[in-house]
Amino acid sequence: MLRSLDKKWKELLFAMGSFGPNFMAVLLGAYFSDAVNPVALGSNSVQAISNYCLILPLIFPALWFIAKLLDGIIDIPLASITDGISTKFGRRRLPIIICFVPMVLSFAMCWFAVGGTGEDCNQTLNTIWVCVWAIIFFVSYSMSVISFYGSIASNCDSEDQRSRVTAYKSFFDTISYCIVYALVPLILKLANIHINILVWCLLPLFATILSPVFIIKEGEKYGYPENNGVDAKQYNKVGIIESLKTTFSNKLFIKWIIVDCCAIFGLQMFLASMNALIIGGMGFDSGQMAIVNTSAFAPVPVMLYLLNKLKKEKGLRFAFQTCLISFAICILSFDFASLYVVGSNNVALQYVIAIIGGLCASWAIGAFFMFPYLVPAQVAGVEKQITGRDHSAMYFASRIVCTTIVGAFGSSLVYDNIKNFFISKKVGGVVIATSFEKAAELFNEKSSQIITSADVYNFGLLLVPIIVCVACLIGFVVAFLLPRDFDQKSIALALKKQHPEYDISCIEDTEKPTEAGSNIFVHIALWVLSGSIFGAIWQGVSLKEINKRGNKINPIIYVLSLIIPFFGIYYFLKVNKHLSEIANKMDIKTKDYKILYIISSIILPIGMLNVVSLAVAQKQLNNILCKEMEIAN
């Protein structure tokens with residue numbers, strides 16, 4: 001049999017295939033709802049297409065939910081098509097090629113407000129326009145990525161290779177989230193452009209989905225019609241009814257889906273509201289938001305490595321349960337760090353709470369990227385080895401249908417409706433409004449006190465962390481229904497229990513897989529990249545704040561610290577000197593951190609990776625910022 005992924009570099013390039021479409025889909029989920037209805041962002045936010053609500057706020061959530069629901073349901077017939085298609089180009093490649101243009105075009109049109117962007121815009125036309133193009137995007141995007149996901153099981157010939165490919169994929173997924181939630185807010189702020197302009201500039205990223213087209217060895221050239229050179233007579237097509245029946249009768253797979261849905265409900269609701277939670281709920285600007293977000297992503301490589309170690313020792317179930325608990329703790333930090341709880345003059349406290357929450361989140365992020373794709377690939381791969389039938393795309397499609405429904409329910413029907421709820425500490429009750437200003441007007445009608453927009457808080461943003469936390473705790477409890485692990489032997493035994501007639505002698509004992517060692521490249525590369533993003537963002541934002549308040553640090557010194565080993569010693573000593581001088585002028589008590597800066601810069605010789613020095617410098621800068629706020633008030 002010809003192997004498509006016969007070299008490690010091909011595994012990496014193959015895993016990169018979904019990066020572009022997934023990145024853009026994450027961008028859509030993170031920014032689109034608030035971009036067209038910026039009620040939770042406040043005024044003049046570049047994360048919105050304009051300052052006005054462009055859609056019908058009471059109708060859009062339901063229509064957007066229906067569009068996402070259709071996206072999930074359509075995955076079933078699409079998976080059946082890609083599992084059963086037989087062309088001279090093979091099974092997976094043709095759907096990717098056909099769907100590429102409509103996927104890119106429809107995504108671009110979603111961000112174009114055909115009914116205008118001003119106060120008198122046609123909200124009805126915008127709502128219909130957006131939802132129609134969204135449906136086209138969801139269908140073409142789903143067909144592309146399902147074809148890609150289906151090819152993982154059929155092109156990876158072992159458990160170790162599937163583990164490597166899914167780990168590489170988690171590497172690219174982490175990059176996506178780093179860029180979307182850390183770099184995008186900073187880019188919008190520095191470039192002073194609205195989100196729709198940036199989205200159109202990023203459209204070429206969709207092209208990564210074409211890389212598997214040139215790697216997968218299938219079709220007429222390699223043995224018509226499919227299956228890497230296997231004779232056509234051995235090609236067993238699985239019909240859609242049989243495929244659905246086989247997939248949803250797999251008890252092991254269904255147990256995993258239930259737990260996965262609990263996690264996805266909370267995750268999607270959180271991702272849709274994250275920007276509003278930080279900007280509207282905590283009162284941070286885009287630069288501060290970038291720092292908070294990167295504090296969650298910078299530790300991911302180390303956490304992912306430790307998570308794999310834990311998975312080997314304690315099993316996938318226990319590892320995933322720890323992720324659900326850590327994410328539940330993380331999400332509550334957004335309430336504890338909100339303006340409603342800590343007030344408007346406690347930026348330092350907000351940073352501390354947010355960074356602790358980010359560290360908790362970093363433990364879960366790697367699992368949310370890797371496990372949901374590893375499990376279906378493992379189940380489909382083992383079933384193919386035992387039965388000789390390949391309908392792997394249906395497993396991914398079935399998972400997507402279930403998670404899309406619960407994710408759309410959380411991010412669309414729940415969040416898009418509760419984000420219009422407002423409360424005030426001065427007046428009891430809840431009002432429904434389209435902005436902080438209008439909420440203040442409604443409260444003034446109920447009270448003799450004068451209520452301003454500063455006295456109003458978004459109640460929906462306070463509810464989101466509580467709802468997400470509850471979903472994670474439910475998933476934690478339900479996870480006890482899962483087996484200890486999802487290795488090939490466990491899956492084969494579960495199938496044998498359901499189908500005594502199956503011969504599982506072809507499955508080797510793989511209770512102790514070796515994927516952790518083989519994925520060392522992923523951990524190193526991801527550590528370097530996420531650490532670089534964290535360091536570059538911190539120094540890019542905070543250096544500007546430092547230069548405003550004292551002798552300027554030459555940007556060349558900053559750049560050299562990012563690329564020359566140990567040059568960070570000089571850079572951080574300069575930072576320490578300037579911050580100490582500013583603190584002394586303001587009568588702020590501060591310690592001398594010279595020794596700490598020198599030691600940490602020796603241990604972590606590249607400036608952008610020196611998170612210890614970055615954290616200390618951030619603490620010094622926070623003290624100055626807090627003092628300035630006290631003086632101003």
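What you see is a predicted model; the values in this text were computed from it and never measured. Just so you know, these numbers use all the heavy atoms, side chains as well, and skip hydrogens, waters and symmetry mates.
For the residue pair E383 / Y395, a side-chain donor-acceptor distance below 3.5 Å is found, with atom types taken as modelled. No hydrogens or angles considered: nothing links the side chains of N196 and Y31 as a donor-acceptor pair under 3.5 Å. D416 and S33 share a side-chain donor-acceptor pair at under 3.5 Å. Residues W363 and T322 have side chains that bring a donor and an acceptor to within less than 3.5 angstrom of each other.
Remark: I197 CD1 is packed, more than 12 non-hydrogen atoms of other residues, nucleotides or ligands lying under 6.0 Å away. Dense packing is recorded around CZ of F65, with more than 12 heavy atoms of other residues, nucleotides or ligands lying under 6.0 Å away. Heavy atoms from other residues, nucleotides or ligands lying under 6.0 Å from CZ of F100 number more than 12.
Ring geometry, W111 versus F107: the interplanar angle falls from 30° to 60°, so the pair is classed tilted.
Using modelled atom types, no side-chain atom of N250 and backbone atom of T246 make a donor-acceptor pair closer than 3.5 Å. Here the side chain of T127 pairs a donor or acceptor atom with the backbone of L56 at under 3.5 angstrom. Side-chain atoms of T208 come within 3.5 Å of backbone N or O of G17 as a donor-acceptor pair. At distances below 3.5 Å, at least one donor-acceptor pair connects side-chain atoms of Q350 with backbone N or O atoms of M282. In this structure, N126 contributes its side chain and L54 its backbone to a donor-acceptor pair below 3.5 Å.
Within the model, atoms CD1 of I49 and CG of N37 stand 11.0 Å from one another, a figure rounded to the nearest 0.5 Å. Rounded to the nearest 0.5 Å, atoms OG (S273) and CD1 (I331) are 6.0 Å apart. Considering OG of S18 and CG of N22, their distance stands at 4.5 Å, rounded to 0.5 Å. Between atom CG of residue L324 and atom SG of residue C469 there is a gap of 11.0 Å, rounded to the nearest 0.5 Å. Rounding to the nearest 0.5 Å places CG of L27 at 10.0 Å from CD1 of I179. Between the CD1 atom in I135 and the CH2 atom in W64 there is a gap of 9.5 Å [rounded to 0.5 Å].
Taking the centre of each ring, F459 and F422 stay at or above the 6.0 Å mark. The six-membered or imidazole ring of F327 lies near that of F270, with a centre-to-centre distance under 6.0 Å. Taking the six-membered ring wherever Trp is involved, the centroid distance between the rings of F172 and F23 does not fall below 6.0 Å. Taking the ring centroids of Y351 and F284, they lie under the 6.0 Å cut-off.
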Check the pair M109, V130 against side-chain contact (heavy atoms from CB on, under 4.5 Å), reporting the backbone distance first and the verdict last.
CA-CA 8 Å; M109 291 297 101; V130 164; over 6 Å; no

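Taking both residues in full, the closest heavy atoms of S333 and G357 are given as OG-CA, 3.6 Å, listed atom of the first, atom of the second, then distance. Heavy atoms only, all atoms of each residue included: P21 and I209 are closest at CG-CB, 3.7 Å.
A salt bridge links K419 with D34: the distance from a Lys NZ or Arg NE/NH1/NH2 to an Asp or Glu carboxylate oxygen falls below 4.0 Å. Between R317 and D485 no salt bridge is recorded (no basic side-chain N to carboxylate O distance below 4.0 Å).
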